[in-house]
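In listed order, ligands and their atoms are each counted from 1.
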Amino acid sequence: MRAAARLLAVLILAAAFSAIAQEKHMIDPTPPGSLNPEPLPPLQNPDAPSTPAKELFARKRTPFPGPPRSIGGYSDGCLAGATQLPHNGSSWQVMRPSRNRNWGNPHLVHFIERFAKNAKKVGWRGLLVGDMSQPRGELSGHTSHQVGLDVDIWFAPMPDHVQSREEREFSSATDVVAPNLLDVDPEVWTHTHTELIRTAAQDPAVTRIFVNAAIKKALCREAGADRDWLSKVRPWYGHAEHFHVRIACPADSAECKPQPPPDPGDGCGHELDFWFEESTLHPPPPLIPPKPKPALTLAGLPPACKQIVKAP
Ligand SMILES: [Zn+2]
């Protein structure tokens, strides 16, 4: 009897983990913002070595002064001398302004301005800009976006009016992947989406773009003869409501840790198979729940980041 109860408990747990895994695979939904964001409560013990770095960086509302510097790696770094992307531009609008994540290295801001203009030329009315970085970098809810060189762009086209604060905080993003995860949703996806991503990838500053594997599959099909840009577009989990654009370490950020260039080739062959295997789309529940990864602390970041986050 006890064994049966234990088995039942294991099965329930397994089902719960399976549901989480599937959800994570499908989309990484954009959480709603807020009209009156509450300031974070002060940390009890900010100097403890175990304090997660993200807790310290999330409490900095202003950039570190001085020249712009992206310091460290995309997933273990920080940012000094950040600039803020204005909430409205000639052809972009910042979404979820309450998150205060429209900060970046000035090279990223210039890229977004340039990309918005070029996107217009291929028929995209304007960009809805999601998360960039916080004023000093590091970002909870993302493993990268830490050095001010990453930006999420929504797949939904910009409305034909300047959006109200309510629209920016609460309107939901558009999932362009079909419910079976095997391809894009033909009801939502258009060829202009392909041209939009091609335009971003062809910008010389861009080093990688992350999209859901179903989107990569559609791009491979629609790219035509000109395919060099496809090597920068990498399949990844989630990224069904937005695509993630990463620019290379700027020459004037000597402390920035570059990534090796993506593999050459269009990435449209057998490299894609893994993403559409049953075990990837619907992973079996783990027998033992995975241990959560310990949070990154200041010890895991370049020493300059400590100075940057501790400065007033
Ligand atoms: Zn991102």
Side-chain angles (χ1 to χ4, degrees), residues 23-33 53-54 57-58 70 72-79 82-85 92-105 107-112 115-116 119 124 127-156 158 168 171-177 193 196-197 199-201 203 205-216 219 232-250 256-259 262 267 275 293 295-296:
E23 226 174 291
K24 187 176 151 222
H25 264 254
M26 264 176 73
I27 45 171
D28 38 3
T30 308
K54 64 183 178 192
F57 282 92
S70 291
Y74 294 92
S75 300
D76 51 359
C78 63
L79 174 64
T83 51
Q84 197 172 19
L85 181 73
W92 75 79
Q93 295 185 30
V94 168
M95 301 303 284
R96 307 289 192 260
S98 63
R99 288 158 71 85
N100 195 33
R101 291 171 172 199
N102 55 323
W103 296 83
N105 186 299
H107 288 278
L108 182 68
V109 171
H110 294 151
F111 159 72
I112 295 168
F115 175 34
W124 194 261
L127 305 176
L128 295 182
V129 181
D131 284 353
M132 296 164 60
S133 280
Q134 296 177 135
R136 300 188 194 189
E138 249 279 353
L139 213 52
S140 59
H142 295 263
T143 45
S144 60
H145 289 259
Q146 299 200 0
V147 286
L149 302 175
D150 296 281
V151 57
D152 290 337
I153 306 288
W154 288 24
F155 280 121
M158 192 178 83
R168 289 171 203 248
S171 69
S172 46
T174 310
D175 184 349
V176 296
V177 173
H193 285 92
L196 176 72
I197 297 171
T199 302
D203 189 291
V206 169
T207 173
R208 272 176 172 74
I209 295 176
F210 298 100
V211 295
N212 189 279
I215 296 169
K216 171 83 190 200
L219 298 176
K232 292 184 185 176
V233 184
R234 320 296 295 174
W236 200 243
Y237 301 99
H239 294 87
E241 297 185 338
H242 70 264
F243 58 108
H244 174 140
V245 185
R246 171 170 298 167
I247 66 167
C249 280
C256 182
K257 197 162 83 190
Q259 264 185 308
W275 295 98
K293 255 178 139 183
L296 191 64

Just checking: [X], one of its N/O/S atoms, less than 2.8 Å away from the Zn ion (ligand 1), yes or no?
X      : result
His239 : no
Asp152 : yes
His244 : yes

*In His145, which N, O or S atom comes closest to the Zn ion (ligand 1)?*
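Checking each N, O and S atom of His145, the shortest distance to the Zn ion (ligand 1) belongs to NE2.
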*Using the ring of Phe210 (Phe, Tyr or Trp, six-membered ring only), decide whether Arg246 places NZ or CZ under 6.0 Å from its centre and within 45 degrees of its axis.*
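No; the conditions do not both hold, so Arg246 does not lie above the ring face of Phe210.
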*asked:* I'd like to know if Asp76 and Lys257 make a salt bridge, using a cut-off of under 4.0 Å between side-chain N and carboxylate O.
replied: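 Lys257 and Asp76: salt-bridged.
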*For the rings on Phe155 and Phe243, is their centre-to-centre separation under 6.0 Å?*
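Judged by ring-centre distance (under 6.0 Å), Phe155 and Phe243 do meet the cut-off.
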*Check whether any side-chain heavy atom of Trp236 sits under 4.5 Å from a side-chain heavy atom of Asn212, and report yes or no.*
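No, their side chains stay 4.5 Å or more apart.
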